[in-house]
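First the structure, in the form of structure tokens, and then the observations on it.
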Amino acid sequence: MQSFSHSPIKTPLFDFGTRAYAEGEIWFSNISFSNLAEMLGLGKHEGLNAMMRMSGVEETLITGGASDYDKLNALAEVSPLWVGHPYVKAISGLMRALFGKAVPFDIENLPSLWMKATEALREEPITPRVLAKRLGIQKMMPALTSEVWMTLIDRDIFSEETLPCLHIPDPVSLWTAVPSFAVTQASATVDMSACMSAVMDTCAHHGCSGVMVSLQGSEAFSRPNPYTPGQAVYRLQQGESLSLENCRLVTSQTLRIIGRACMERGFTLTLTDVSPTVLTPLIRYLRGCDSLPKTTIVTSDPGAVLSEGLRPLLNIPSCAPLAGLTSLWADVASSMPIGRLEGLYMPLKGMLDVSLYASAVQHLNCWITEQS
């Protein structure tokens, strides 16, 4: 099979799309796809599973024990119902990336398509990262929790093209989720810093590029003192429940510790799900404590992020229609210099997401070219 070299992502003015945030261990896998069903993520991709259920497909043909071919056949049977849905174009994008040309995905051609895909994957092994590169994504930044990190550090899986970051889904539950994060009542605040430093040192030694923290559910900021958050973490680890105010204090203190640790290691900090009511006071607190590293904010209001001197990563839905994307680019450009965007944020969990992301990036670059 002739090697596929065309990259659909073209960057006329700005560096959009050549790097992408991702989730899960799939991006470290050196195991190649064995068939088309595996490549599409049948049974594993939540969005695709939901669309098949809404189309009337039985569960055995979605996540059940049916063969990969039967699941793919079920998808081909119902996909004509999906007129206008982004998944249709995403599947076409993956076909083009695999074969190097447009190949129809339909029930009539399925037997031949299955055989050709299986043969192509046998002749030239294709891993998730290889396929992502064919779609123009040069660097992948998987967000991995500390638990996942500990399972991967003994494996030779990191590279210059894969830049993993430590993912903290919740700054409060972090202190009970990691077994090594035990604090003592007498020195809880110091213990918190030591625990975080130990984990980040381990991650740094194995190629970590930064820390990503989700602030989902944090609707207000509380400025911590040196004592209360540490004692709250100690009580939390003893099985007590924390008040909303103490949760806010722990969140702020944890981010101060993370920010300082990132600065010491040259890490970047990425914050997601940041409420507008939290953004400004939190950033000013971290800056005042000299604990604000190079910081990127995932946001739907990039102008507000730029106003704080931070780097905005524009949040886009995975299945946004192209007309909606056109409106989104215009709205962003009307409120800020669009060239100051750090990039687009649409976490990739499977190959279908990669195709969707590549399509959105291509659309943005074409829009920029038209405006120029």
Side-chain angles (χ1 to χ4, degrees), residues 1-9 26 31-128 130-137 318-323 325 348-363 366:
M1 178 180 176
Q2 185 176 3
S3 178
F4 181 87
S5 59
H6 172 68
S7 169
I9 293 181
I26 181 177
I31 301 175
S32 60
F33 299 111
S34 62
N35 61 55
L36 199 53
E38 282 187 6
M39 193 178 84
L40 294 177
L42 294 187
K44 297 181 179 179
H45 191 280
E46 295 178 1
L48 191 59
N49 292 349
M51 281 292 288
M52 292 180 71
R53 291 187 188 103
M54 287 188 285
S55 301
V57 178
E58 296 180 3
E59 194 64 32
T60 186
L61 292 168
I62 303 174
T63 60
S67 69
D68 284 351
Y69 182 86
D70 287 341
K71 291 179 180 180
L72 194 67
N73 187 79
L75 174 63
E77 285 184 336
V78 299
S79 59
L81 303 175
W82 301 0
V83 176
H85 196 280
Y87 283 166
V88 176
K89 185 174 181 179
I91 293 173
S92 296
L94 288 176
M95 296 300 101
R96 180 181 292 275
L98 175 61
F99 296 108
K101 61 181 180 179
V103 176
F105 178 80
D106 53 47
I107 194 67
E108 290 79 11
N109 294 321
L110 188 63
S112 174
L113 182 62
W114 174 269
M115 292 182 63
K116 289 179 179 178
T118 302
E119 180 181 352
L121 292 168
R122 185 184 303 117
E123 290 181 358
E124 183 179 354
I126 297 176
T127 65
V130 168
L131 195 58
K133 288 188 70 175
R134 289 187 177 187
L135 285 161
I137 299 175
S318 61
C319 286
L322 293 184
L325 289 177
L348 311 180
K349 299 179 181 180
M351 298 316 305
L352 203 62
D353 299 322
V354 175
S355 187
L356 290 168
Y357 178 82
S359 178
V361 172
Q362 184 180 41
H363 185 274
C366 288

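Remember, it's a predicted structure, so these values are computed and weren't measured experimentally. Residue indices begin at 1 and follow the sequence shown.
Expressed to the nearest 0.5 Å, how far CZ of R122 lies from CG of N35 amounts to 11.0 Å. To the nearest 0.5 Å, atom OG1 of residue T118 and atom CG of residue L113 are 9.0 Å apart. A distance of 14.5 Å separates NZ in K44 from NZ in K349, rounded to the nearest 0.5 Å. Between atom CG of residue N49 and atom CD of residue E46 there is a gap of 7.5 Å, rounded to the nearest 0.5 Å. Between the CG atom in L135 and the OH atom in Y357 there is a gap of 12.0 Å [rounded to 0.5 Å]. Here the straight-line distance linking atom CG of D106 with atom CD1 of I91 works out to 11.5 Å at 0.5 Å rounding.
Shortest non-hydrogen contact noted between F105 and A76 is CE2-CA, 3.8 Å. Shortest non-hydrogen contact noted between V103 and F99 is CG2-CD1, 3.6 Å. The heavy-atom pair separating A102 from R96 by the smallest distance is CB-NH2, 3.4 Å. Counting all heavy atoms, side chain and backbone alike, M51 lies closest to S55 at O-OG, 2.8 Å.
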* Does the side chain to side chain contact (heavy atoms under 4.5 Å, CB included) test come out yes or no for L36 and L98, once each step is laid out? -> CA-CA 10 Å; L36 199 53; L98 175 61; 4.1 Å; yes

* To do: Decide side chain to side chain contact (heavy atoms under 4.5 Å, CB included) for L322 and K89; before the verdict, give the C-alpha distance in whole Å, the side-chain angles of both, and the deciding distance to 0.1 Å.
  => CA-CA 11 Å; L322 293 184; K89 185 174 181 179; 3.8 Å; yes

* Give the intermediate values and the outcome of side chain to side chain contact (heavy atoms under 4.5 Å, CB included) for residues E124 and V130. => CA-CA 11 Å; E124 183 179 354; V130 168; 5.7 Å; no

* Could you go step by step and tell me if L352 and L94 meet the side chain to side chain contact (heavy atoms under 4.5 Å, CB included) rule? -> CA-CA 7 Å; L352 203 62; L94 288 176; 4.2 Å; yes

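With Y87 as the fixed residue, the side-chain contact (heavy atoms from CB on, under 4.5 Å) test singles out one of S355, S79, C319: C319. Screening V57, T63, L61 for a side-chain contact (heavy atoms from CB on, under 4.5 Å) with M52, the sole residue that qualifies is V57.
Using a 3.5 Å distance cut-off with no hydrogens or angles, the side chains of S67 and D70 do pair a donor with an acceptor.
Heavy atoms of other residues, nucleotides or ligands lying less than 6.0 angstrom from CD of E58 number 12 at most.
In this structure, the side chains of L121 and E38 stay at 4.5 Å or more apart for every pair of heavy atoms. Under the 4.5 Å side-chain criterion, counting only non-hydrogen atoms from C-beta, L42 is in contact with L48. The closest side-chain heavy-atom distance from L131 to V354 is not below 4.5 Å.
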